[in-house]
A.B. asks: 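Have a look at the structure that comes next, please.
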Amino acid sequence: MSMTVYNYAAGPAVLPRPVLKQVQAELLDYRGSHQSILEISHRSPLFNDIYAAAKERVLKLLKLDNRYDVLFLQGGGTLQFTMVPLNLATKYHRAAYANTGHWAARALEEARKIPHLQADQVTDAGPDFTTIPAVPQLPAGKYDYLHITANNTIYGTSYHHLPATTVPLVGDLSSNFLGQEYQFDRFALLYAGAQKNLAPAGLTIVVAQRQLLAADQGLPSMLNYAALARKASTLNTPPVFQIYVAKLVLGWLEEQGGVQAIAAANQRKAALIYDFLDNSRLFTNKVARTARSFTNIPFTTGTPELDQRFIAEARQAGLLNLAGHRLVGGMRASLYNAMPYEGAVALRDFMAKFEKENQ
Ligand SMILES: *Cc1c(COP(=O)(O)O)cnc(C)c1O
């Protein structure tokens with residue numbers, strides 16, 4: 001007998017069970033080719049079909065038309081901290097950054113390493129990043145873009161409304177990609193490391209206005225959106241397996257009813273945990289209610305020893321990877337797109353039991 005196990009890891013993270021089963025079923029012989037997906041060429045028609053379907057599904061799920069293109073890159077969300085300013089900060093050589101936590105700050109820090117570029121921090125969420133401060137009105141004709149981190153994976157905050165700005169908007173959606181609704185055509189460019197919500201680690205999705213991608217800055221090829229877009233992300237060997245899994249996960253997301261339905265399901269899961277936390281005598285979450293993330297929920301008992309016991313006992317009960325990020329400690333539950341509702345119920349029930357036992 002195997003026990004039901006739920007994985008609340010922040011990334012790499014849970015993938016949809018039916019997708020893993022399909023991967024397993026066709027691993028040795030991909031669609032009658034007598035080759036494994038792990039062996040096929042990125043120049044083969046088999047891969048071209050996967051690539052085209054994945055791209056089409058991304059645009060359809062985001063409700064974006066032909067004015068947008070999708071790139072399937074490597075280097076994680078982190079390489080985008082460099083590629084975005086290199087490719088986009090070319091007119092004013094100045095970019096605005098909303099600092100809402102660790103990843104937002106990392107994006108700013110990397111932009112500041114680029115010569116002849118001024119990267120301004122235009123908001124500050126305070127020392128413990130429990131809010132999403134409004135972005136001030138930015139003067140027209142000064143900034144190439146405004147960068148936001150749509151969901152702050154470590155602190156558990158999220159933008160529920162995109163900032164009103166006339167400056168082209170760039171978003172890091174690594175931890176809420178296709179799991180939270182936005183008017184996606186408000187973004188000039190958005191990107192997401194795949195391992196939180198979409199695929200195994202090793203793939204980064206970039207979705208951007210074609211017109212932006214067409215502006216070739218003559219950058220080194222692997223850092224050059226235009227060069228990568230011209231070659232359909234295959235300037236070099238792309239991560240074939242990751243793109244294949246992404247294609248399957250995208251199909252699964254379509255079956256769930258698309259972004260609106262997934263976002264509603266994510267909200268339902270998160271609400272279970274937040275409702276419990278709001279009434280708990282043991283656990284707390286200090287994020288401002290209006291800024292609460294639907295996908296990452298940090299919480300604590302306030303006592304490191306008790307937190308450690310909670311994490312250990314939860315693991316025993318099959319609730320895995322609930323330790324908070326090393327920067328903030330405590331616990332964190334990541335309830336990404338592929339986490340079933342039952343996973344949120346199991347966590348809520350376990351928290352209630354632990355609370356009772358530790359009055
Ligand atoms: C995890 C994460 C990153 C870093 O992603 P890598 O793919 O590991 O480079 C960047 N931004 C956010 C919001 C993240 O959650």
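Counting starts at 1 for both ligands and their atoms, in listed order. Note: hydrogens, waters and symmetry copies are ignored here, and every other heavy atom, side chains too, is used. Bear in mind the structure is a predicted one, so any value in this text is a computation, not a measurement.
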A.B. asks: Between R289 and D278 (salt bridge meaning N to carboxylate O under 4.0 Å), is one present in this structure?
C.D. replies: yes

A.B. asks: May I ask whether Q195 places a heavy atom under 4.0 Å from ligand 1?
C.D. replies: yes

A.B. asks: Using a 4.0 Å cutoff against the non-hydrogen atoms of T149, which atoms of ligand 1 qualify?
C.D. replies: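 So the answer, numbered in order with elements, is 13 (C).
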
A.B. asks: Counting C-beta onward and ignoring hydrogens, is there a side-chain heavy-atom pair between L319 and Y8 closer than 4.5 Å?
C.D. replies: yes

A.B. asks: What protein heavy atom lies closest to atom 2 (C) of ligand 1? Include the residue and the distance to one decimal.
C.D. replies: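 Nearest protein contact, heavy atoms only, for atom 2 (C) of ligand 1 is K196 NZ, 2.5 Å.
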
A.B. asks: As an exercise, identify every atom of ligand 1 less than 4.0 angstrom from a heavy atom of F81.
C.D. replies: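 In order of numbering, the contacting atoms are 10 (C).
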
A.B. asks: Between E109 and R106, does any side-chain N to carboxylate O distance fall below 4.0 Å?
C.D. replies: yes

A.B. asks: To which protein heavy atom is atom 5 (O) of ligand 1 closest, and what is the distance rounded to 0.1 Å?
C.D. replies: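 Answer, as residue, atom name and distance: G77 N, 3.7 Å.
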
A.B. asks: Looking at D275 and R348, does any basic side-chain N land under 4.0 Å from a carboxylate oxygen?
C.D. replies: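 R348 and D275: not salt-bridged.
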
A.B. asks: If you have a sec, work out which protein heavy atom is nearest atom 15 (O) of ligand 1 and how many Å separate them, to one decimal?
C.D. replies: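 So the nearest neighbour among protein heavy atoms is T153 OG1, 2.4 Å.
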
A.B. asks: Before you tell me yes or no, could you show the steps for D144 and R94 under salt bridge (Lys or Arg N to Asp or Glu O under 4.0 Å), namely the whole-Å CA-CA distance, both residues' side-chain angles and the distance that decides it to 0.1 Å?
C.D. replies: CA-CA 6 Å; D144 287 299; R94 194 169 173 192; over 6 Å; no

A.B. asks: Using atom types as modelled and distance alone, determine if a side-chain donor or acceptor of T131 lies under 3.5 Å from a backbone N or O of A288.
C.D. replies: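 No: the side chain of T131 does not pair with the backbone of A288.
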
A.B. asks: Under 4.0 Å between a Lys/Arg side-chain N and an Asp/Glu carboxylate O for E357 and K353?
C.D. replies: yes

A.B. asks: If the cut-off is 4.0 Å to any non-hydrogen atom of N151, which atoms of ligand 1 fall inside it?
C.D. replies: 13 (C)

A.B. asks: Under 4.0 angstrom from ligand 1, any heavy atom of N152?
C.D. replies: no

A.B. asks: Measure I154 to ligand 1 on non-hydrogen atoms and call it side chain, backbone, both or neither using the 4.0 Å cut-off.
C.D. replies: neither

A.B. asks: Among all protein heavy atoms in this structure, tell me which lies nearest to atom 9 (O) of ligand 1, with the distance rounded to 0.1 Å.
C.D. replies: T78 OG1, 2.5 Å

A.B. asks: Under a 4.0 Å heavy-atom limit, does Y191 contact ligand 1 with its side chain, its backbone, both, or neither?
C.D. replies: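 Near ligand 1, Y191 shows nothing, with every heavy atom at 4.0 Å or more.
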
A.B. asks: Of all the non-hydrogen atoms in the protein, which one sits nearest to atom 11 (N) of ligand 1, and at what distance?
C.D. replies: D172 OD2, 2.6 Å

A.B. asks: Is any side-chain heavy atom of F310 closer than 4.5 Å to one of F299?
C.D. replies: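 Counting from C-beta outward, F299 and F310 do come under 4.5 Å.
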
